[in-house]
Amino acid sequence: MRLNPFDTGNIKVGSTGGRAGAAGGIGCGTIVIAALGYFLFGLDPMQTVGVVEGVQQSQGGAVVAASEDEQALCTANQYATETCNALQSLNATWEPIFAQQGVPFEQPTLRFATAQRFNTSCGAASTGLGPFYCPGDQTIYIDTAFYDELARMAGQEGDFARYYVIAHEYGHHIQTITGIAGQVRSAQQANPRAANQLNVLMELQADCYAGVWAGRNRELIEPGDIEEGLTAASAIGDDTLQRRSTGTVNPESFTHGTSEQRMQALRLGLRGDDRACDRILQVS
């Protein structure tokens, strides 16, 4: 996908402080565990952190302050640059949509997970987790090392699969600033039995919002990008991941939807109409 180079004046970027890979840091094995825990078993990143952080604390190691130079953060590696390019494009796509509907828009913040351990408004976190969005501080957190694991899970290394991930997390920001996320949390508290199903629908709607972004930027899409995104969506469907890991499928433990559901949600969004995504999740 031919995204324009980022301009730090158009995005809000920072780090979690520290420097990944210092003494007491975690290795690739933890990244794999955290990623699979998130996509396969539906573990909230904050649930995984307790274990990871406990190990790190036992190992020790000082946290080194990191530069908050946005340009430096966005050019630290190829993945960081792609993420900043995508963030700028996402802002430029969604802000006019909100303006047309007369709804206030607030950009999310992107923070690269560079500290071994760090705090968010959603709780303690650590490098090695998969990307996640925290509604409390309206921030997307990303450890770019995750993208190598995504390539192994999806069986491909194309950039559109990575853009799909950031666009999905951005979708959760849309749910937050429109009030959808708050409505879902209230509904889950009122009806705990429906909590898991509502969570799946939230994830599918975020997939749809990712498709809306791509659909409204079709002139930037290159041959094979859409297929690449659909392949990634299929590869991280709950049923596919469960079957690959355990040989069985347990629908009651789904957190993000089946491969087919995730592909359908992405296709729906690719039409470019954000209102179509409302059909996925309706909370009374």
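We number each residue from 1, following the sequence as shown. Given the structure is predicted, the values throughout are model-derived calculations rather than measurements.
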Trainee: Determine yes or no for a side-chain-to-main-chain donor-acceptor pair under 3.5 angstrom, with D143 supplying the side chain and F112 the backbone.
Mentor: no
Trainee: What do the steps show when you test R271 against D273 for salt bridge (Lys or Arg N to Asp or Glu O under 4.0 Å), and what is the final call?
Mentor: CA-CA 6 Å; R271 300 174 185 175; D273 184 1; over 6 Å; no
Trainee: Just by distance, no angles: are the side chains of N85 and Y163 close enough, under 3.5 Å, to form a donor-acceptor pair?
Mentor: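 No, because no side-chain N or O of N85 sits under 3.5 Å from a partner of the opposite role on Y163.
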Trainee: State whether the side chain of T144 and the backbone N or O of A80 hold a donor-acceptor pair below 3.5 Å, judged by distance alone.
Mentor: no
Trainee: Is a donor on one side and an acceptor on the other found under 3.5 Å between the side chain of Q88 and the backbone of D7?
Mentor: yes
Trainee: Going by disulfide bond (SG atoms under 2.5 Å apart), name the pairs with one or both residues in residues 68-117, residues two or more places apart or in two chains.
Mentor: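 Only C74-C84 qualify under disulfide bond (SG atoms under 2.5 Å apart).
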Trainee: When you measure from the side chain of T139 to the backbone of P135, do you find a donor-acceptor pair of N or O atoms at a distance under 3.5 Å?
Mentor: no
Trainee: Enumerate the residue pairs fulfilling disulfide bond (SG atoms under 2.5 Å apart) with a member in residues 185-222, sequence neighbours excluded, ordered by first and then second residue.
Mentor: C208-C277
Trainee: Run through E203, M202, Q205 and flag the one making a side-chain contact (heavy atoms from CB on, under 4.5 Å) with I280.
Mentor: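 The single option meeting the side-chain contact (heavy atoms from CB on, under 4.5 Å) with I280 is Q205.
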Trainee: Could you measure the distance from the OH atom of Y170 to the OG1 atom of T176? Nearest 0.5 Å is fine.
Mentor: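 Nearest 0.5 Å value for the OH-OG1 distance: 11.5 Å.
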Trainee: To the nearest 0.5 Å, how far apart are OG1 in T178 and CD in Q101?
Mentor: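 Reported value, rounded in 0.5 Å steps: 10.0 Å.
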Trainee: Per the ring-ring contact (aromatic ring centres under 6.0 Å, His included) rule, what does the pair list look like for residues 175-194, sequence neighbours excluded?
Mentor: none
Trainee: Taking the side chain as every heavy atom from C-beta outward, state whether V13 and L87 have any atom pair closer than 4.5 Å.
Mentor: yes
Trainee: Minimum heavy-atom separation for A214 to F160, with atom names?
Mentor: CB-CZ, 3.8 Å
Trainee: Do W94 and F105 make a side-chain contact, defined as non-hydrogen atoms from C-beta onward lying under 4.5 Å apart?
Mentor: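 In short, these two side chains touch, coming nearer than 4.5 Å.
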Trainee: Are the side chains of D69 and L73 in contact, using a 4.5 Å heavy-atom criterion?
Mentor: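 They are not in contact (no side-chain heavy atoms under 4.5 Å apart), so the answer is no.
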Trainee: Might you point out which heavy atoms bring R216 and G272 nearest each other, and give the distance in Å?
Mentor: NE-O, 2.8 Å
Trainee: Looking at CE of M263 and CD of Q261, how far apart are the two atoms once the value is rounded to the nearest 0.5 Å?
Mentor: 10.5 Å
Trainee: Compare all side-chain heavy atoms of H173 with those of E169 and state whether any distance is below 4.5 angstrom.
Mentor: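 Not in contact.
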Trainee: Looking at side-chain heavy atoms only, is the closest gap between Y79 and D148 below 4.5 Å?
Mentor: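 Y79 vs D148: side chains touch.
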Trainee: Output the distance between atom CZ (R111) and atom OG1 (T120), rounded to the nearest 0.5 Å.
Mentor: 10.5 Å
Trainee: Residues two or more places apart in sequence or in another chain: which of them pass side chain to side chain donor-acceptor pair (under 3.5 Å) with E95?
Mentor: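 Residues passing side chain to side chain donor-acceptor pair (under 3.5 Å) with E95: none at all.
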Trainee: Would you say L281 and L204 make side-chain contact, with heavy atoms under 4.5 Å?
Mentor: no
Trainee: Would you say that Y133 contacts Q138 through its side chain, given a criterion of any heavy-atom pair below 4.5 Å between the two side chains?
Mentor: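 Yes - at least one pair of side-chain heavy atoms lies under 4.5 Å apart.
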Trainee: Please name the pair of heavy atoms, one in A167 and one in A210, separated by the smallest distance, quoted to 0.1 Å.
Mentor: CB-CB, 3.6 Å
Trainee: Using only heavy-atom distances, determine whether the side chains of Y141 and D137 contain a donor-acceptor pair under 3.5 Å.
Mentor: yes
Trainee: Got a sec, which residues hit side chain to side chain donor-acceptor pair (under 3.5 Å) with T93, two or more places apart in sequence or on another chain?
Mentor: N217
Trainee: So if I apply the side chain to side chain donor-acceptor pair (under 3.5 Å) rule between K12 and each of E70, E106, Q107, which one comes out positive?
Mentor: E106
Trainee: Could you state the interatomic distance from CG (L198) to CD (Q183), rounded to the nearest 0.5 Å?
Mentor: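 L198 atom CG to Q183 atom CD measures 11.0 Å (nearest 0.5 Å).
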Trainee: If we ignore hydrogens and angles and just use 3.5 Å, is the side chain of S15 paired with the main-chain N or O of T114 as donor and acceptor?
Mentor: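 It does not hold such a pair.
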Trainee: So which heavy atom on F118 is nearest to which on A113, and how close?
Mentor: CE2-CB, 3.9 Å
Trainee: Please examine the side chains of F132 and I142, heavy atoms only from C-beta on, and report whether any two atoms are closer than 4.5 Å.
Mentor: no
Trainee: Mind checking what makes side chain to side chain donor-acceptor pair (under 3.5 Å) contact with T109, not counting sequence neighbours?
Mentor: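 T109: no side chain to side chain donor-acceptor pair (under 3.5 Å) contacts found.
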Trainee: To the nearest 0.5 angstrom, please state how far the CG atom of L201 sits from the CD1 atom of I180.
Mentor: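 Those atoms lie 11.5 Å apart.
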Trainee: Any side-chain donor paired with an acceptor under 3.5 Å for Q264 and D207?
Mentor: no
